[in-house]
Amino acid sequence: MIPLSARPERAPLRPAVRAKQNGVGAGCCDTNMIRGQHLSIRTADVDDANTLHALYNQGRPFSALLDNNREHHFVTRGELRELLASPKSSQALLNVVEDPEGRTRGFCSLRAADFELRNAVWTLMYLNDADYASPMTDELYLHFLRDGFTRLGLNKIIAHCLDTETTYRESLIRHGFTTNGVQREVTYRAGRWLDMETLSIYRATAASRFTSYEK
Amino acid sequence: MKSKTYLRRADRDDLDTVIGWMDDPDFHYFLYGDPARSPKRIRDNIVAMLGRTGANVAPTSIHLIADSEKWGPVGLISLQKISWRNRSCTVDFYIGRKDLRNGIVAAEVAFRAIEYCFEELNLHRITAFVYDFNSPSWRLLERAGAVRELTMPQHIKRNGVVYDVYGYGLLRREYRAFRESSPYVESLSLERMVAEHLPRPDEERPA
């Protein structure tokens, strides 16, 4: 249970110089960063292309990196920089999860899926598989679920995970997602077929969890 | 039993028929489409596909007309999100002739679509999304051996009412098992369809 005092606080909207990460890129201005006890969340920018590229080439399949046809593609750093630099692209949708020391731990997003029914799709991927079970992840889910169901007025949040993403699936279940079923053998990777599970959480379910968090 | 329903590419002459089907409110009502894409965009995509003269080597979507000896064009088959790496696609079939939706013709069209995916495109898996109120469609899929893999509650809204959506999946081995188990299906062979219904090069095309 996360105490109320540990709720991520939204930083005031002023430029903040971010230190170099991994020796790549100059300091840039963050105009929107959310800081909590165990993490910081900020929108992705061009300097994150290297880290994002590392996820593509890690060898572990991520459901978040599959396209609409459930295919995995090799992308170059240049393509990712171009994508992150475009104001209409994933930059506005992709968030970076950092630890308190400012190191990038992973990426997450909450993207609209159905405007009429106010459904959205959640994705999360970490460089280190163990982070899915950390207090950082608990705080991350608390923030995005609360933000999605209250400020954004969502009704349902959907998530997909491959059968290899067991720790990701456990984090979804732990934070209230329930399974809608498994699509069998939807993608072929590393010599075998992978299943994809769809999970979802509704506003009512999430609201009861927020209440328990605030007790 | 001799099959009387077959699939073919659309000609220019079919454009009016297909547009008529897509202008029917039932087209949007029954078909699962990307909620982020407008019905107009879906229609434009289908019309653009119908107008292409050459066959794309590896298209990501294929639209075919379901034709019938007795009734003429009866419906539209849409194979979308075709992944040649994953050998999979999403299947939609729409029976434009309302009077034929609950009969044998609808079943034949569905089977033709499934057969085309596995026997011609050599796919490994097909997916279909059906709304829970469209019981004739999902019953057809289940009879063909498809498995209801997903149940997405409160996932689509039609005419102000929210419905569930079912996701069905049919794998190649399940399709083969279905074919081998059903003597009726054997009579609807694709080879026979090609042999009996498509004109030979030296024949005049039917009017």
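We use all heavy atoms of the structure for the numbers below, so side chains are in, but hydrogens, waters and symmetry mates are not.
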Practice task
Output, in order, the C-alpha distance, side-chain angles, deciding distance and verdict of side chain to side chain donor-acceptor pair (under 3.5 Å) for B/Asn86 and A/Thr187.
Solution key: CA-CA 5 Å; B/Asn86 295 326; A/Thr187 186; 3.2 Å; yes
Handout entry: A/Tyr188 and B/Ser88, any side-chain heavy atoms less than 4.5 Å apart
Key =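 Sidechains of A/Tyr188 and B/Ser88: no contact.
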Problem - Within 6.0 angstrom of B/Asp16 CG, more than 12 heavy atoms from elsewhere - result: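 No, the 6.0 Å shell around CG holds no more than 12 heavy atoms from other groups.
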Handout entry: Residue among B/Met152, B/His155, B/Gln154 satisfying side chain to side chain contact (heavy atoms under 4.5 Å, CB included) with A/Asn119
Key =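 Among B/Met152, B/His155, B/Gln154, the one meeting side chain to side chain contact (heavy atoms under 4.5 Å, CB included) with A/Asn119 is B/His155.
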Problem - Approximate separation, where rounding is to 0.5 Å, of A/Asn68 CG and B/Gln80 CD - result: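 So the gap between those two atoms works out to 11.5 Å.
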Practice task
Please round to the nearest 0.5 Å and tell me the distance separating atom SG of B/Cys89 and atom CG of A/Asn69.
Solution key: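 That separation rounds to 10.0 Å.
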Exercise for the section: Check each atom of B/Arg85 against the heavy atoms of chain A and say whether the ones under 4.5 Å are side chain, backbone, both or neither. Expected result: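 Interface part for B/Arg85: both.
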Practice task
Measure B/Thr90 against the heavy atoms of chain A and call it side chain, backbone, both or neither at under 4.5 Å.
Solution key: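 B/Thr90 has no heavy atom closer than 4.5 Å to chain A.
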Handout entry: Contact leader toward chain B among A/Glu71, A/Arg184, A/Gln183, A/Glu116, where contacts are heavy-atom pairs under 4.5 Å
Key =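 Option with the greatest count: A/Arg184.
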Exercise for the section: Might you work through the salt bridge (charged side-chain N to carboxylate O under 4.0 Å, His left out) test for B/Arg87 and A/Glu185, ending with a clear yes or no? Expected result: CA-CA 10 Å; B/Arg87 291 170 53 208; A/Glu185 301 178 16; over 6 Å; no
Exercise for the section: Determine, step by step, whether B/Arg125 and A/Trp193 satisfy the side-chain contact (heavy atoms from CB on, under 4.5 Å) criterion, reporting the C-alpha distance in whole Å, the side-chain angles of both residues, the deciding distance to 0.1 Å, and the verdict. Expected result: CA-CA 11 Å; B/Arg125 173 199 161 87; A/Trp193 292 105; over 6 Å; no
Exercise for the section: Would you check, one step at a time, whether the test side-chain contact (heavy atoms from CB on, under 4.5 Å) holds for B/Leu150 with A/Thr198? Expected result: CA-CA 8 Å; B/Leu150 297 180; A/Thr198 299; 3.9 Å; yes
Problem - Flag, side chain of B/Lys81 to backbone of A/Arg70, donor-acceptor distance under 3.5 Å - result: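 Flag not set: sc B/Lys81 to bb A/Arg70 has no pair under 3.5 Å.
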